[in-house]
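Below you'll find the structure, written out as structure tokens, and then a few comments.
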Amino acid sequence: PWAFNYEPAKTKASKIFYILGDSWWFRSFFPRVFMNNYKDYILINRSIGGMTNSLIVNTLQNDINLLLDNKNDISFLVCFS
């Protein structure tokens, strides 16, 4: 389950999953497992190792308007350190 299971997309991704947090979400295994199981999502992972809580808030404030202008369904996962 840790490798990418590449298959050409049969349908256009219609949902967005946005992740913002510290190093735990930055690791490569989560995107691989997520993309293998949820092919109808576009994954945006803005997590960075060592990201502070204030930087997490600032990044979300900068991204939120762009994300909400999009007409797709959006799921957010924001974790503070």
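Values below: every heavy atom of this structure, side chains too, minus hydrogens, waters and symmetry copies.
Transitive grouping of hydrophobic side chains (ILVMFWY, heavy atoms separated by less than 4.5 Å) keeps Tyr38 and Ile74 in distinct clusters. If you chain together hydrophobic residues whose side chains sit under 4.5 Å apart, Leu66 and Leu60 never meet in one group.
For the atom pair Ile16 CD1 and Asp40 CG, the distance stands at 12.0 Å (nearest 0.5 Å). Here the CG atom belonging to Leu43 is positioned 10.0 Å from the CG atom belonging to Leu77, to the nearest 0.5 angstrom. Interatomic distance, CG of Asn72 versus NZ of Lys12, reported as 7.5 Å (0.5 Å rounding). One distance of note links CZ of Arg46 with CG of Leu67; it measures 9.0 Å at 0.5 Å rounding. To the nearest 0.5 Å, atoms CG (Leu55) and CG (Leu20) are separated by 8.0 Å. Atom CG of Asp63 sits about 3.5 Å away from atom OH of Tyr18, to the nearest 0.5 Å.
Remark: Phe76 CZ is packed, more than 12 non-hydrogen atoms of other residues, nucleotides or ligands lying under 6.0 Å away.
Taking a cutoff of 4.0 Å between a charged side-chain nitrogen and a carboxylate oxygen, Lys15 and Asp73 do not qualify as a salt bridge.
Put simply, the side chain of Asn53 reaches to within 4.5 Å of the side chain of Ile56, judged on heavy atoms. Side chains of Phe80 and Val57 form a contact here, defined as non-hydrogen atoms less than 4.5 Å apart. Counting only heavy atoms from C-beta outward, the side chains of Phe30 and Ile19 approach each other to under 4.5 Å.
In terms of heavy atoms, Gly21 sits closest to Ser47 at N-OG, 3.0 Å.
Ring-plane geometry between Phe17 and Tyr41 is classed as perpendicular, the angle between the planes exceeding 60 degrees on a 0 to 90 degree scale with a lower cut at 30.
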